[in-house]
Structure formats: structure tokens, C-alpha cells
Amino acid sequence: MGLLGKKSIGLFCALAMSTLFSFGAFAHSISGKVRDVGINQEKDKISVTVDSSGDSSGTDGSVYIFEIKPYQNDLSGRTDYLAKGSIGANQKFSFPLHAGPGELRLYSAFVPAVKVGGRYEMIANRRYIENPEIVAENQDPALNPGKKGLRVDPNILDDALSLNIKHAGVDIPTQRFFGNGIDYTYENKTYKINKELIDQLDAEVKRLSDSGVAVTAILLNAWNQTVPELNPLGVTELPKEQAVYYGFNVESEAGFRAVKAMASFLAKRYNGKNGHGKITNWVVGNEINNQYWNYMGDLDVSAYTSKFQRAFRVFYTAMKSVSANDNIMFSIDHYWNMLPEAAPVGKYKGKDILLAFHNYEEAEGYMDYGLALHPYPYPIYSPNFWDDDKTGRVNDTVDSPIVNFKNLHVITDFMSMDSMKNRKGEVRKIFLTEEGFSSIAKGADKSTEQAAAVAYSYFIVDNNPYISAYLMSRQEDNEDETKHGLAFGLSSIVNHQLVPKPAHEVFKWIDNASATEGIADFARAVIGIDSWDQLIPNFRFPGR
């Protein structure tokens, strides 16, 4: 279902680029552009191509390549250039990948500069290494045994596995990462890792991956008392009703090194080769279009996204340089072309965040990033997403305020535009890493509608080739959510016992070729249709 013609796409992206992203200006007449930053096939050198032009008056006539870290913004006082060459188009530079004993330049960007008097001035914006996956020991394809998945409770994994899930979402509370019990030496510094947390993750990840389940880790950074350099630079902790999680800090050297160490440890620990299990997919942060879940301060969308994508790139580089085909994603909620309605801190349209991230990625170095979407119903308490268009907030255009299962094709149409595809010309990976349907709405029992919503939403996903995974948000009802009239669990908790809802059985069998039609038959009457192809073009049942 194409929404935009080629001319509209070009205009749309050009407007987005001009409004969300702009380069800095340089105070001299030489200008340049960095492109094609990559590690060579021998894995020992980095090559950089630079285009530069202009009047070289006032300079010594040469171009110099400098290494620059995420926390560095200029070349003040620096003379430590890596390479020197001529001003001109298509100038190629090369220097070692190894920066010194135990340290690689994997996480660095590179900028060209000219010498003006006794100082060096940048003539282009930074660009990072674009192929960290080339050095990865693990080149195995990413595991994707199907689409059906669940954000699992580690205390009731037996129930999760009984549902025949193909994907499992696991939260990693990064504020607990550093502690005691495990020593990890990285770049000649030894870090203390919290053994209690790692033991828990080991048990969970290993059991899931040994069962053939693809594990998705969601990295959640609550305020860190143990290693405060992980907290965003220049912000203070907010009350819990204002912010639950925070962005990762790579704007200081200490923060950058701590994030690198954590990302490197996790990537190596869960590479599937050393007995601790395999994490295949990584989501950095949570619903980043709402700072309630990713607080970084009072920032416009461009500045906010710039800070986020530089931290994201550290995780991306760490994971890709260990397991080449891992999927690294960021998440947005269902507020696509409107501001989120809840939370008091910075809020952005999901589409604006996605475009800003994509534009920074294009400018600062290619990443094959993925999108993790949370397509909840609107309003969120009503499981009947099939009538969400009646709210006036859900439609079939690229400017729809809300994107959820009612109009999920809006996202896949958008990501199918040539301008949004990866370098191979492929639609980037799209995971639904959190969605759910409440079995209670304004105090009324909606368990039948919840079960119907599970069936219908899964059929939509199974029939959309661009959605890789579908992870239900709750294995069982969450106490804090039920206090607010929301019951997303596939089961209830009654007298400390797990009590399955009708949705539990539907979810268990919905992707089984021999059972799916029968288990979902009741839903047609609930939704008000005679056959599924009335709603889903070219419909087929899962597995058929």
C-alpha cells in the first residue's frame, strides 16, 4: 500500500532534512565532506575518503585527518593528526585501526582539518566507522525462528516456553550493571560488574536461547547511583512521576568509557559462543520520543536526537563488532504524528524522532539500525483497536497522529521508501517489541475482546512481510498498571497463582498451522466480519 509517489518522497525527505538537521558553519573558505569510512579487509587499517575544495589562502595547503570521540566537539589545542594529504576531491587516507595497546579506534569518528596559523580547524562534520561488523568473530545469521514473542517474566519461564514463543524480550536494568563480583578489563582498565545481575541474566538468556528462542534485550537506564558518569551530562535526577529512565552519557570521557565497557561486556558475554546464551536483538532505551522513558534535559528534537544517536552508536558498534548480524534498534511508541499525551517532560512526535535519527545517521556514518515500534490501541485501555479510526487519531496516511494495528501499514510503507532503506536496498528491520490489549476497560470485563485483539493483530503481523517480530508486553498483569485500570497480561494473578485468560490460549496456538483457524474463529463475530480477507488483503493463515 504505497502512500507517497517518488516526487513526494523526495520533497518530504528534503523538507525533513532542512527542518530537523543542519550542519555547522566553518570560519574559513575551505569546505569538505567525509565519506566512506571503513575498516579494510585485513582488519588492521581504517580508510577515509575526503572531498575538499575552496581557496587555500591562509592555510598551508594540506588536509589533516583527526580522530574525534563522541564527547569531543572541536580540535582546540590538538596537533595529533593521523594522516596528511592534499586538498581536492576523492582524497584517500589510511591509518591503523589500533590506537595503542588494548584499544581500537572502532568507536571514533574522523574529521578533516586545515592548518590556519598554529591551529587546526575542521572543514567538515565528523563521520564514524561504517562497517564495525567486519571484525566480528561471530558472522552467523541472526536467529529468527518465527514472529510470535513475549516480554517474559524470568520467574515464570515455564509458562512462557509453554506458549511456543519464538522471541523473548528481556529487560536489562543498566543502573545495576556495575557493582561487585566480576572483574572485566577493557582498554587497560578493570571494571567491577554486578555478579548478581549477570547470574540472573545468564540463567534467563541461556534457557531461552537453548530452547531455540531469539532473545531481545531492552537496555533501560534508570538513574545510576553507583556509576554516576552513566547519567546524562548536566541533568539531575527527577521525581519518578517525571522520569523513569535516562539517556546514556557519552558526552564526557568517563561516561563514554563506562558505556563502551558495558556494551562490550554484554556483547561478548551473550555472543552464543561461551555458554551463557545468545542475545540476538538489542533495543537501546525505551520509547525515546517521550523523555519520561529517556530523560536527557530540555532539548529540541534535533539536539535530543543527536545526543541519543551518538550513545546508540556506541552500543551498535559494540554489538556489531562481536556478532555481525545482531539487530540493534531504538523504540518509539504509537504517537506517530502527534505529541505523547502523558508525562510532563520533553515529548516528540515519533516520526520526527525517526527522521532526525535517520538524517544524523546519514550525516555521521551509516548504521543498519532497526526500528522497535510499540503499536498500542488508542485509547490504550480499549482492546478494540479495529475501531480506533473513530477516534479521529488513526488513519491510513503518513500523517496519521497514531500508528497501531489498525493502520500498521503506515509504518511499513514509510520504511519501504527508498530514502529509508539500508545500503543493500532492503527495508530495515521492524520489530514490535511491546504491544498489549487490556482485558479491562473502564472497569468492564473485556477478556473476550482482548483475545480477539491478539488473534487479529497477530494475523496482521504474519501477513506483513516487513514485520520481523511481535512481542506481547505482559505475560501476567502488572500491579501498577491494574491500579490504573489496565490489564495487559495473558494471565491474571489470583491468590499468588497464575490464572490464564482466554488470550493465553489464543496466543499459544495462533501461529500453529493446524490450530490457528479454529482458535481464532470466535474473533470474527467479536470484530464483526465474515472472513479475515475482508480486513487483510491476500490473507493467509499462519504457516499455510
Side-chain angles (χ1 to χ4, degrees), residues 17 21 23-24 26 30-53 62-75 78 80-100 103-114 120-136 187 250 256 259-260 263-264 306 308-322 324-326 328 357-369 421-425 428:
M17 187 74 168
F21 185 85
F23 289 106
F26 301 103
I30 300 290
S31 61
K33 181 179 180 181
V34 186
R35 55 186 175 87
D36 301 329
V37 181
I39 301 168
N40 65 358
Q41 290 296 321
E42 291 73 29
K43 306 174 189 177
D44 62 348
K45 292 186 181 298
I46 298 169
S47 61
V48 175
T49 302
V50 175
D51 296 326
S52 59
S53 61
S62 296
V63 170
Y64 300 83
I65 304 299
F66 282 81
E67 178 181 10
I68 193 165
K69 307 291 178 63
Y71 56 85
Q72 296 173 319
N73 294 310
D74 57 45
L75 301 177
R78 292 184 58 183
D80 56 334
Y81 60 86
L82 297 172
K84 176 182 177 181
S86 302
I87 295 171
N90 201 37
Q91 298 297 303
K92 299 187 183 301
F93 302 83
S94 180
F95 39 85
L97 173 62
H98 288 268
E103 185 169 353
L104 300 177
R105 293 190 168 98
L106 272 174
Y107 299 86
S108 296
F110 304 93
V111 292
V114 293
Y120 294 89
E121 295 184 3
M122 295 189 295
I123 60 169
N125 284 285
R126 70 186 65 204
R127 197 166 187 90
Y128 291 85
I129 288 172
E130 299 172 278
N131 63 338
E133 66 278 1
I134 196 172
V135 303
E187 293 184 346
V250 297
F256 172 56
V259 172
K260 270 200 301 184
S264 170
S306 174
F308 173 79
Q309 68 89 24
R310 286 188 182 171
F312 177 94
R313 190 181 291 273
V314 173
F315 287 101
Y316 178 91
T317 300
M319 281 58 187
K320 285 288 193 180
S321 63
V322 172
N325 294 302
D326 280 4
I328 325 299
F357 186 98
H358 186 75
N359 291 332
Y360 275 113
E361 178 261 351
E362 285 190 333
E364 295 197 350
Y366 173 76
M367 294 182 285
D368 191 13
Y369 69 85
K421 291 178 180 178
N422 68 16
R423 280 188 171 174
K424 296 177 182 178
R428 295 172 187 269

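The figures that follow rest on heavy atoms only: side chains count, while hydrogens, waters and symmetry mates do not. Numbering of residues begins at 1 and proceeds along the displayed sequence.
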[atom1] of [X] to [atom2] of [Y]: how many Å apart, nearest 0.5 Å?
X: Thr49; Y: Lys33; atom1: OG1; atom2: NZ; value: 11.5 Å
X: Lys92; Y: Asp36; atom1: NZ; atom2: CG; value: 6.5 Å
X: Leu97; Y: Asp44; atom1: CG; atom2: CG; value: 7.5 Å
X: Asn325; Y: Lys320; atom1: CG; atom2: NZ; value: 6.0 Å
X: Ser62; Y: Ile87; atom1: OG; atom2: CD1; value: 7.0 Å
X: Asn359; Y: Gln309; atom1: CG; atom2: CD; value: 10.5 Å

For Glu67, enumerate each residue passing the side chain to side chain donor-acceptor pair (under 3.5 Å) test, keeping only those at least two apart in sequence or located in another chain.
Arg105, Ser108
Donor-acceptor contact below 3.5 Å, side chain [X] vs main chain [Y]:
X: Arg35; Y: Val50; value: no
X: Ser52; Y: Gly88; value: yes
X: Glu130; Y: Val37; value: yes
X: Asn40; Y: Lys45; value: yes
X: Thr317; Y: Val314; value: no
X: Asn131; Y: Ile39; value: yes
X: Glu362; Y: Tyr360; value: no

Restricting to non-hydrogen atoms, name the atom on [X] and the atom on [Y] that form the minimum distance, rounded to 0.1 Å.
X: Ile68; Y: Arg126; result: CD1-NH2, 3.7 Å
X: Ala318; Y: Ser264; result: CB-N, 4.0 Å
X: Val34; Y: Arg127; result: O-CD, 3.2 Å
X: Asp80; Y: Arg78; result: OD1-NE, 3.0 Å
X: Ile46; Y: Pro96; result: CD1-O, 4.3 Å
X: Leu75; Y: Met122; result: CD1-CG, 3.6 Å

Quick check on the 6.0 Å ring-centre criterion: do Phe312 and Tyr369 meet it?
no
Determine the interplanar angle of the Phe66 and Tyr81 rings, folded into 0 to 90°, and report it as parallel if under 30°, tilted if 30 to 60°, perpendicular if over 60°.
perpendicular
Hey, can you tell me if Phe110 and Phe95 have their rings parallel, tilted or perpendicular (30° and 60° cut-offs)?
tilted
Among all residues two or more places apart in sequence or in another chain, which pass the ring-ring contact (aromatic ring centres under 6.0 Å, His included) test with Tyr316?
none
Restricting to ring-ring contact (aromatic ring centres under 6.0 Å, His included), what partner residues turn up for Tyr128, sequence neighbours left out?
none
Just do the side-chain contact (heavy atoms from CB on, under 4.5 Å) check on Asn90 and Asp51 with the steps written out, would you?
CA-CA 5 Å; Asn90 201 37; Asp51 296 326; 4.2 Å; yes
Are side-chain heavy atoms of Ile65 and Pro112 found at a separation under 4.5 Å?
yes
List the steps and the verdict of side-chain contact (heavy atoms from CB on, under 4.5 Å) for Met367 and Phe357.
CA-CA 11 Å; Met367 294 182 285; Phe357 186 98; 3.8 Å; yes
So for atom NZ, which belongs to Lys69, do other residues, nucleotides or ligands contribute more than 12 heavy atoms lying within a distance under 6.0 Å?
yes
N-O pairing of Arg313 and Glu364 below 4.0 Å
no
Working for side-chain contact (heavy atoms from CB on, under 4.5 Å), residues His98 and Leu104
CA-CA 4 Å; His98 288 268; Leu104 300 177; 3.2 Å; yes
